[in-house]
Number of protein chains: 4
Amino acid sequence: MARGINKAILVGNLGNDPETKYTQGGMAITKISLATTSVRKDRDGNPQENTQWHRVTFFGKLGEIAAEYLRKGSQVYVEGEIRYDKYTGQDGVEKYFTEIVANEMQMLGGRGEGGGGGGGDRPSRPQRQESAAPRRQPSSQSSPPPADDFSDDDIPF
Amino acid sequence: MARGINKAILVGNLGNDPETKYTQGGMAITKISLATTSVRKDRDGNPQENTQWHRVTFFGKLGEIAAEYLRKGSQVYVEGEIRYDKYTGQDGVEKYFTEIVANEMQMLGGRGEGGGGGGGDRPSRPQRQESAAPRRQPSSQSSPPPADDFSDDDIPF
Amino acid sequence: MARGINKAILVGNLGNDPETKYTQGGMAITKISLATTSVRKDRDGNPQENTQWHRVTFFGKLGEIAAEYLRKGSQVYVEGEIRYDKYTGQDGVEKYFTEIVANEMQMLGGRGEGGGGGGGDRPSRPQRQESAAPRRQPSSQSSPPPADDFSDDDIPF
Amino acid sequence: MARGINKAILVGNLGNDPETKYTQGGMAITKISLATTSVRKDRDGNPQENTQWHRVTFFGKLGEIAAEYLRKGSQVYVEGEIRYDKYTGQDGVEKYFTEIVANEMQMLGGRGEGGGGGGGDRPSRPQRQESAAPRRQPSSQSSPPPADDFSDDDIPF
DNA sequence: TTTT
DNA sequence: TTTT
């Protein structure tokens, strides 16, 4: 029986373009690195800028949407669950990492670049060399998953 | 300028009694280990109980309140900020840990006694040395507490 | 396309037993009156207890669960959407009311009883007939429940 | 003693420019009308766009910041408390309204236009007849409150 | 690594 | 009344 609430609510900006992989079953797994910056007081009481970098993971349909619409610099609202994971590195040492498994996502800031097709009237954002990596065409979400295994080194990224 | 939202909202139960320390300046720093259990689907689609153990830290007055009122097994609402920290262990290896720095706390479950056990009334404010004293053993919460959370060398502060 | 976030997060106590109706299609619609009390400063800066009574509505399966497990005095976590509705009363006057349409619910307080009490194992959940039995008077929550919430002509559905 | 959680988390767009008044004591009270749009299923299961208009009130310093930076069309994150209020109209009839009393606000959408009065370099958004109502010049937040009473007809707006 |  |  469900017991407890574990919810993260984030608004921040992507530090990089999303990374997407597909499971053998064809499910998208998209990961982003999300910065949330706030002002905190340090031990001396001085205000100080503080940035936390969240690893956010989107599964399935949400992963496809994130892959299609989010880009480096995008501002986004994310809601999800905090997960503390552990894995054994190649050096045999146990490593810990924390991720936010998203269950809700909302792009912020107007149409916010990213996006698919042309014709937009408000490109504003940097739009860096998106052409660099030919992304699968993001038609709706019917895009056939590339035959791409979900290997161990996918996570953690 | 503040930029972004970084908020955790948790409802869960303490795996152990709180641990409180005081800075030289006399500020309380209380840490708890908080379990949130939910039902998730595993990779095969089967529902599966999933427990996350959060390290939650309370500073100052909130730390004193947490120390006074929370006990192993207590159910509590916590709101705070997710912080990803890194430190270098005695073995010279960088270690990562994540904590929730609480800014709001609310005891749940009636008057709240934490654990079931002992007949003691609510003890007065935490004394500094109180950590030495063995606290009543808190039945009611059968889930095994995470191994040796919050020992001194675990979390540097 | 979804645009915006509209989320209420509540922890409070029921002022009355839930009221459940069923649509012709057999879908449960359960309504509760939920009190959240906090300390606020009034205009003069004096701290003052402040109770808000939320009308919370649960649809479908969640409505059935709420009907089964919640009772007057129960403490509950609710997450939902804020809805501002309007209807025309029998007097021809437009009336406004606000409700929280829940999409997540979590019973709080361990056994549901307030109080710490006995070392017993966790008894099973409240049965339906339990309402007959005089429940503990919800101490701690002295504020009177709102008058006759959720009568038929109150809320049109 | 505080008891309960009453939290609204909103991301939406302003339907109009903010309205600001000052109490006799000089405290700013800024109100906005905030739209949150989402997709919901109606009773027939058809997806349907749904917009809720929230009345959000900012007090004090937050009210000054909101007045300075927010404008019609601005996208904003707001966190606050849900308040159900009642007043007696001039017709002697009791009226109810609900507002969100904000305790946190975050502008979204990049530089977000808005900004101060004339001559700005960043006007992008429609900026409809903002000239209609001469706004106090929003210098930082030191702007001296106009000798403007906070009269009864200010609220509800 | 983002953003302001 | 906003936005997409």
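Residue numbering restarts at 1 for every chain, and letters A, B, ... go by the order of the sequence lines.
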Query - Closest contact, heavy atoms only, A:Ala8 versus A:Ile82 - result: CB-CG1, 3.9 Å
Query raised in the report: Whole-Å distance between F:dT3 P and D:Tyr77 OH?
Result: 22 Å
Query - Stacking of D:Trp53 on F:dT2 base (centres under 5.5 Å, planes under 30°) - result: no
Requested in this report: Rounded off to whole Å, could you give me the CG-to-C1' distance for the A:Asn50 and E:dT1 pair?
Outcome: 16 Å
Query raised in the report: To the nearest angstrom, how far is D:Lys72 atom NZ from F:dT2 atom P?
Result: 5 Å
**Report entry** Note: B:Lys7-B:Glu79 ion pair, threshold 4.0 Å (strictly below)
**Finding:** yes
**Report entry** Spacing between D:Arg71 atom CZ and F:dT1 atom P, to the nearest angstrom
**Finding:** 20 Å
Report summary line: Looking only at E:dT3, E:dT1, F:dT2, the nucleotide nearest the B:Arg3 side chain is E:dT3
Report task. Record whether the side chain of A:Asn13 comes under 3.5 Å of the base of E:dT3 through a donor-acceptor pair of N or O atoms. Result -> no
Query raised in the report: For A:Thr51, which contact category applies under a 4.0 Å heavy-atom criterion: base, sugar-phosphate, or nothing?
Result: base
**Report entry** Nucleotide E:dT2, atom C1' - distance to CG of A:Asn16 in whole Å
**Finding:** 8 Å
Requested in this report: Round to the nearest Å and state the distance from D:Leu108 atom CG to F:dT3 atom P.
Outcome: 14 Å
Query raised in the report: Given the side-chain rings of B:Phe97 and B:Tyr87, with only the six-membered ring counted for Trp, is the space between their centroids under 6.0 Å?
Result: yes
Query raised in the report: D:Asp17 CG to F:dT2 C1': how many Å, rounded?
Result: 12 Å
Query - Given E:dT2, F:dT2, E:dT3, the nucleotide with the shortest approach to the side chain of A:Ala35 - result: E:dT2
Report task. Would you kindly give the CE-to-P distance between D:Met107 and E:dT3, to the nearest whole Å? Result -> 17 Å
Query raised in the report: Which atom names give the shortest non-hydrogen contact between D:Met107 and B:Arg3, and what distance separates them?
Result: O-NH1, 3.2 Å
